[in-house]
Amino acid sequence: MKNKIEQHHTIDFVFALLFFCLFAMCSLVVIFIGSQVYSSTVNTLEQNYTQYTVIDYIQEKVRHNLAEGQIEVQDFNQYQVLCIHETYQQTPYTTYIYCNQGALKELFISDDQTFDKERGEIIMEIDHVSFQLQEMMLTITVENQQQIQKTELAIIGG
């Protein structure tokens with residue numbers, strides 16, 4: 001009779017140990033899945049933040065200069081550049097917004113200086129930005145990490 005009692009206790013211990021191991025494995029699987037979902041969510045939010053911030057930045061720059069003839073899109077050595085013309089104290093200046101070496105850049109210079117894509121200040125890292133101006137409608141396309149965000153802005157005012 002003693003042997004039966006000892007085997008019964010051994011089986012109880014093994015069952016409890018197996019149940020604990022199963023619980024631990026399920027907990028690890030849930031934690032792993034949760035970390036994958038969290039990582040994916042963070043990447044998506046960061047991507048959206050980058051694209052919308054770039055578009056908002058450019059839109060605000062354009063909205064501050066809506067007079068006729070102040071906004072134009074030019075090509076400089078295969079670079080599409082958004083040019084915003086302004087006048088301060090009777091001196092004409094141009095703000096150039098463009099993408100170079102994986103970053104959105106801005107260069108603010110007087111009109112008697114020449115545009116140099118290397119001199120611009122880095123605003124934010126992105127893969128590509130393009131501009132299209134047709135019939136007073138500016139189209140801004142931002143591409144970052146294989147996702148494309150596009151917006152249109154009416155150039156009215158003045």
(message) Check whether Ser40 reaches the backbone of Gln36 with its side chain - one donor and one acceptor, N or O, closer than 3.5 Å.
(response) no
(request) State the CD-CG distance between Glu143 and Asp127, to the nearest 0.5 angstrom. (result) 6.0 Å
(request) In sequence, state the C-alpha distance, the side-chain angles, and the governing distance for Leu104 and Val142, and then conclude on side chain to side chain contact (heavy atoms under 4.5 Å, CB included). (result) CA-CA 10 Å; Leu104 180 70; Val142 176; over 6 Å; no
(message) I'd like to know if the side chain of Ser39 reaches the main chain of Ser35, judged simply by a donor and an acceptor atom lying under 3.5 Å from each other, with no hydrogens or angles considered.
(response) no
(request) Evaluate the side chain to side chain contact (heavy atoms under 4.5 Å, CB included) criterion for residues Asn144 and Val54: first the C-alpha distance (whole Å), next the side-chain angles of each, then the deciding distance (0.1 Å), finally the verdict. (result) CA-CA 10 Å; Asn144 198 28; Val54 167; over 6 Å; no
(message) Nearest 0.5 angstrom please: Leu18 CG to Ile11 CD1, how far?
(response) 11.5 Å
(request) State the CD1-CD distance between Ile155 and Glu72, to the nearest 0.5 angstrom. (result) 12.0 Å
(request) Supply the atom-to-atom distance Leu153 CG to Thr151 OG1, rounded to the nearest 0.5 angstrom. (result) 7.0 Å
Compile the donor-acceptor pairs under 3.5 Å between side chains in residues 131-141 and protein atoms, sequence neighbours left out, one pair per line.
none

(request) Find the distance between CD (Glu125) and NZ (Lys105) and round it off to the nearest 0.5 Å. (result) 10.5 Å
(request) Enumerate the residue pairs fulfilling ring pair (Phe, Tyr, Trp, His ring centres under 6.0 Å) with a member in residues 25-52, sequence neighbours excluded, ordered by first and then second residue. (result) none
(request) With sequence neighbours excluded, give me every side chain to side chain donor-acceptor pair (under 3.5 Å) pair touching residues 94-104. (result) Tyr79-Asn100, His85-Thr94, Glu86-Thr95, Thr94-Asp111
(request) Please round to the nearest 0.5 Å and tell me the distance separating atom CZ of Phe23 and atom CZ of Phe19. (result) 8.0 Å
